[in-house]
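Report on the structure given below.
We name chains A, B, ... by the order of the sequence lines, and we start the count at 1 in each one.
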Amino acid sequence: MDIDGSLDNLVLEFRRGVIVLGVLSQLDEERYGYALINRLKEKGLEVDQGTLYPLLRRLESQGLLESNWRIETDRPRRYYVLSKAGRELLPRLTTEWTEIVSSMNKMLKGRGMP
Amino acid sequence: MNLMDLYVAEVGRRLPGKTRADIEAEIHSALQDLLDERIRRAGKPADDEMVLAVLKEYGDPGKVAASYVGDHYLIGPKLYPTFVKVVFPVALFTVILVLSGLGSWLFLAHSTPGDWIQLVTQTIGNLIGSVILTGGIIALIFAILERTVPEFKLKKAEWNPHSLLRLKPRDRVHGGIPIFNIVLASLAIRVFNFTPITFWTGVTGSTAIEAWQCTPSCVTFHLLYSLSFLSDTFYRYLSALDVLWGLSLVLFVLLLNLGYWRTWTRWADIGLRALSIGLAAWMLIGSSLIGITAADLKAAGFPAVASLASPSIDLLNQLVRAVLVLMIVLSAEVIVRQLIRLLRRPEPLP
């Protein structure tokens, strides 16, 4: 059995869910894609462009984000920000996340967790 | 067109038309941000190497397009634009074919207005069936290609942006030629396999030629439309022809999707042309492909001068042979052209 391969797949699955929360949490103010990637990186969450841009579009189509094109330094950039629905959802999603983390911490205590 | 535009176009042609422009604009903006970052770090203006590094970082255009479309599809992002390009001309051609048949029949047959209404109603029903069947055949072929041809699965190998530079204008596949070939091959498969002998009956619902009080011209028209002028010998070649049409369909769908001739597609084309030459030669030396005789024509009262029936059949046979010879010559010309292109080997990628 390829343990490393399995670990990679499982970590990838974790990250898929976590990235959504990470992205939503950083879009309470307008940001364009590349700035958001840098912001997430600063906070310790690395996301590549190929993951981020399609995700932003999906979240927008779900009504959680809004976007608009703006010309800056002679070229267009698309800015994303939380929509009204996104602002309502974020605290609830954060609560869910906190509860999950708390439960998992309890379950994993003594299994490599302090 | 610069490298970045080429890259964006490569992604864009794999995306559905509705969202294409918007996604292309966003990718272009993202690439420009990445390039700006590299320019800032290098402290020098952008050059081709810098652009290539950015494109490599962004990744294989096929993967990028797939990330926007997701993976729940019958026909995926790599084949979808080609599917759309193919299915509409084929459907349009099918509609024109059936409607022209209807128009000609109304013009040639001595039928009453009441018959026309019945005929038009039946034709509309059959037209819908024909379009669905033809579209279904094409969708099935694309779905099979999607799942079987490795080119359409996401490549694990590292994508090399230099491949964009190797695309030469002479290798570009112009959409009209593959679409024309796909339409022809689809209709040939549809007509000869899914409408047994009585194509016209399938189109109009008419069960007998006598039902419409045919004129002599109408008899000829019926013979042509029903394909009953073809001999049993022709149908013995049908399996081989089906293989040829099927492979042509696959090749031209792949070409339309790739957008450029590759070495293996040129060899595949040469192979198919060689196969068609062999088949045409086989048909040339075999028995007649025409199934009707002078007696059949005389019995149908066409042509009006009975003595012309036999020369008419001879003429038809000569016409078929001429078409076969023409096929051989044209195929040989394509083979020579493809071999010349293959001899001009592209420079290896850095």
Side-chain angles (χ1 to χ4, degrees), chain A residues 2 4-6 8-9 12-13 15-20 22-23 26-27 29-42 45-81 83, chain B residues 2 4-5 7-8 10-12 14-41 45-46 51 53-73 76-78 80 154-156 158-159 161:
Chain A
D2 179 9
D4 288 340
S6 300
D8 288 347
N9 284 337
L12 197 68
E13 281 179 35
R15 285 173 56 82
R16 272 189 198 138
V18 174
I19 287 169
V20 173
V23 166
Q26 301 305 306
L27 285 177
E29 61 182 79
E30 282 192 322
R31 285 196 168 88
Y32 60 93
Y34 191 66
L36 182 58
I37 286 172
N38 285 337
R39 172 85 176 181
L40 292 168
K41 195 174 175 182
E42 280 169 21
L45 185 63
E46 294 227 15
V47 185
D48 63 42
Q49 295 90 343
T51 304
L52 183 73
Y53 288 101
L55 173 65
L56 289 171
R57 292 185 74 86
R58 275 203 296 280
L59 292 174
E60 187 184 17
S61 69
Q62 288 167 19
L64 300 176
L65 296 181
E66 288 167 353
S67 75
N68 62 83
W69 282 96
R70 235 186 279 160
I71 307 278
E72 274 188 357
T73 56
D74 292 337
R75 62 189 178 81
R77 278 198 176 112
R78 185 177 203 151
Y79 281 78
Y80 291 90
V81 68
S83 65
Chain B
N2 65 32
M4 209 178 268
D5 293 336
Y7 179 89
V8 173
E10 277 293 295
V11 178
R14 294 173 166 93
L15 295 169
K18 201 170 70 175
T19 53
R20 186 179 301 141
D22 195 44
I23 294 174
E24 281 183 349
E26 188 162 55
I27 291 172
H28 206 283
S29 170
L31 291 171
Q32 198 59 55
D33 281 328
L34 284 172
L35 186 62
D36 286 349
E37 176 65 22
R38 282 182 185 266
I39 292 169
R40 194 182 58 75
R41 272 188 304 188
V51 175
V54 164
L55 299 183
K56 190 166 185 177
E57 184 182 339
Y58 214 87
D60 182 339
K63 279 187 182 178
V64 174
S67 69
Y68 280 95
V69 180
D71 56 2
H72 302 289
Y73 43 71
K78 289 202 168 190
Y80 179 75
L154 295 183
K155 287 179 222 158
K156 298 287 181 196
E158 203 175 2
W159 177 72

**Fill in**
Residues Tyr68(B) and Arg57(A): closest non-hydrogen pair is CE2-CD, 3.2 Å
**Item:** Evaluation steps, side-chain contact (heavy atoms from CB on, under 4.5 Å), between Leu34(B) and Gln49(A)
**Value:** CA-CA 10 Å; Leu34(B) 284 172; Gln49(A) 295 90 343; 2.9 Å; yes
Show me, pair by pair, the donor-acceptor contacts under 3.5 angstrom made by side chains of residues 35-42 of chain A, not counting sequence neighbours?
unit_1: Arg39(A); atom_1: NE; unit_2: Gln26(A); atom_2: OE1; d: 2.7
unit_1: Arg39(A); atom_1: NH2; unit_2: Gln26(A); atom_2: OE1; d: 3.4

**Message:** Under 4.5 Å from any heavy atom of chain A, what part of Ile23(B) do you find: side chain, backbone, both or neither?
**Reply:** both
**Fill in**
Okay, Asp22(B) and chain A: the region with an atom under 4.5 Å from a heavy atom over there is both
**Any residue meeting side chain to side chain donor-acceptor pair (under 3.5 Å) with Ser83(A), in chain and number order, not counting sequence neighbours** = none
**Request:** Given side-chain contact (heavy atoms from CB on, under 4.5 Å), test Gln32(B) with Tyr34(A) step by step and report yes or no.
**Result:** CA-CA 10 Å; Gln32(B) 198 59 55; Tyr34(A) 191 66; over 6 Å; no
**Prompt:** Say you draw a straight line from CD1 of Ile27(B) to OH of Tyr53(A); how long is it, rounded to the nearest 0.5 Å?
**Reply:** 9.5 Å
**Request:** With rounding to the nearest 0.5 Å, note down the distance linking CD in Glu26(B) to OH in Tyr32(A).
**Result:** 13.0 Å
**Prompt:** Do Arg78(A) and Ser29(B) have side-chain heavy atoms sitting under 4.5 Å apart?
**Reply:** no
**Request:** Select one option (side chain, backbone, both, neither) describing which atoms of Arg77(A) are under 4.5 Å from chain B's heavy atoms.
**Result:** both
